[in-house]
Amino acid sequence: MRPVHTALAVLVAAVWGFNFVVIEIGLDHFPPLLLSALRFLVAALPAVFFVGRPKVAWKWIAGVGIALGIAKFGLLFTGMDAGMPAGLSSLVLQIQAVFTAVLAAVLLRERPGRVRVAGMAVALAGIAVAAVDGGTSGPVLGFTLVVAAAACWGVSNVLTRKASPPDALNFMVWVCTVPVVPLFGLSLLLEGPGRDLAALRSLDWSGVGVIAYVAWVSTVFGFGAWGYLLRRYPASSVAPFSLLVPVFGMSSAALVLGEQVSGLRWLAAVLLVGGVALTSLAPARPRARTAAVSAGSRPAAADASPVR
């Protein structure tokens with residue numbers, strides 16, 4: 001990769017890592033489901049009027065919007081609101097790579113090789129260590145919700161791979177339109193209109209900055225830049241930079257929020273990042289061909305999903 005593109009990949013990882021700190025700050029201003037709804041509303045508008053029409057079928061946009069927007073982010077924000085630390089959340093969420101590999105093996109019949117299976121085992125050991133650390137520093141419910149969010153992220157990854165969007169930014173902006181109304185409805189139902197109105201009435205510049213960051217910087221810029229890199233380079237060259245996200249997440253949470261990083265958490269980080277690296281970067285065994293390739297046809301292009 002050219003140095004400028006390497007710097008861009010590191011910048012995206014830093015943006016996504018620091019996003020957990022911004023979410024933590026935002027939860028002081030908004031209920032979790034309302035914050036998630038505002039995030040997708042601002043990310044979708046006005047960008048949806050400039051990215052053009054969807055380039056994939058609506059069933060994929062709706063599926064990813066439900067799995068990623070409603071389930072994954074709803075659970076993540078709620079888990080962090082329940083007391084899950086920002087730095088630990090950025091780390092535990094990376095177990096999505098294991099869920100993705102397992103779901104791809106079951107649904108897409110991608111047979112994991114020995115290296116990938118070993119990576120899953122190492123990553124799961126990291127989750128076990130993180131659970132021990134979380135049990136001494138945070139509520140079990142918050143930890144469980146973040147793990148569930150990672151599972152939902154795995155579902156959205158598989159759906160994204162099936163959709164194979166040619167334009168990551170176009171796809172993500174249209175995906176952002178799906179969760180808005182359901183999340184607002186869930187917020188009114190579960191968090192109550194009184195709490196929502198109080199949060200909106202007390203909106204200040206800090207709250208506006210939080211929404212702008214999670215919507216435009218983390219979502220629109222982050223996924224747009226990531227998609228740009230994937231169009232220029234193989235996924236195997238770009239994907240490793242996503243392993244920097246928990247590094248930036250944990251360090252920024254320690255610097256900005258004063259979160260303590262214990263020895264157990266560092267051990268969990270080493271195991272999780274190492275296991276995710278093996279799981280994500282080791283090639284899956286190709287499915288056995290059951291039918292001859294038609295004359296003149298070409299094999300499908302390699303997966304270049306930005307959601308690893």
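What you see below is based on every heavy atom in this structure, not just the backbone, and it leaves out hydrogens, waters and symmetry mates. Please read all numbers here as calculations on a predicted model, not as lab measurements.
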Inset, instruction - Would you check, one step at a time, whether the test side chain to side chain contact (heavy atoms under 4.5 Å, CB included) holds for Leu200 with Leu38? - result: CA-CA 10 Å; Leu200 293 174; Leu38 291 171; 4.3 Å; yes

Notebook entry, point to check: Given the rule in the side chain to side chain contact (heavy atoms under 4.5 Å, CB included) test, do Leu183 and Phe73 qualify, once you have shown the distances and angles that lead to the verdict?
Noted result: CA-CA 10 Å; Leu183 282 172; Phe73 281 105; over 6 Å; no

- Check against side chain to side chain contact (heavy atoms under 4.5 Å, CB included), Trp16 and Phe223: CA-CA 10 Å; Trp16 284 344; Phe223 280 99; 4.2 Å; yes

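Under the 4.5 Å side-chain heavy-atom criterion for Ile, Leu, Val, Met, Phe, Trp and Tyr, Leu45 and Leu169 are members of the same hydrophobic cluster. By the criterion of side-chain heavy atoms lying less than 4.5 angstrom apart, applied directly or through intervening Ile, Leu, Val, Met, Phe, Trp or Tyr residues, Val178 is not grouped with Leu75; the two fall into different hydrophobic clusters. Residues Phe171 and Leu41 share a hydrophobic cluster, clusters being chains of Ile/Leu/Val/Met/Phe/Trp/Tyr side chains in contact below 4.5 Å. Connection of Val92 to Leu145 is not established within any shared hydrophobic cluster, with ILVMFWY side chains joined at heavy-atom distances below 4.5 Å, either directly or through further cluster members. A continuous path of Ile, Leu, Val, Met, Phe, Trp and Tyr side chains, each step under 4.5 Å between heavy atoms, connects Val64 with Leu107, placing both in one hydrophobic cluster.
Pro54 and Ile61 get closest at one heavy-atom pair: CB-CD1, 3.5 Å. The minimum heavy-atom distance between Gly119 and Leu278, with the atom names listed, is CA-CB, 3.5 Å.
Using cut-offs of 30° and 60° for the angle between ring planes, the Trp58 and Trp174 rings count as perpendicular.
Aromatic pair Phe20/Phe248: ring centres not closer than 6.0 Å.
Within the 3.5 Å criterion, the main-chain N or O of Tyr228 finds no donor-acceptor partner in the side chain of Tyr233. Looking only at distances, a side-chain donor or acceptor of Trp216 sits under 3.5 Å from a matching main-chain atom of Val42.
For the residue pair Ser202 / His29, no side-chain donor-acceptor distance below 3.5 Å is found, with atom types taken as modelled.
For the pair Lys72/Leu93, a side-chain contact is recorded, criterion being any heavy-atom separation below 4.5 Å from C-beta on.
Between the CZ atom in Phe30 and the CD1 atom in Ile211 there is a gap of 3.5 Å [rounded to 0.5 Å]. The CG atom of Leu35 sits 9.5 Å away from atom CD of Glu191, with the distance rounded to the nearest 0.5 Å. Between the CG atom of Leu159 and the CZ atom of Arg161 there is a distance of 11.5 Å, given to the nearest 0.5 Å.
Other residues, nucleotides and ligands contribute over 12 non-hydrogen atoms within 6.0 Å of the NZ atom of Lys55. The environment of CH2 in Trp266 is sparse: at most 12 heavy-atom neighbours from other residues, nucleotides or ligands sit within 6.0 Å.
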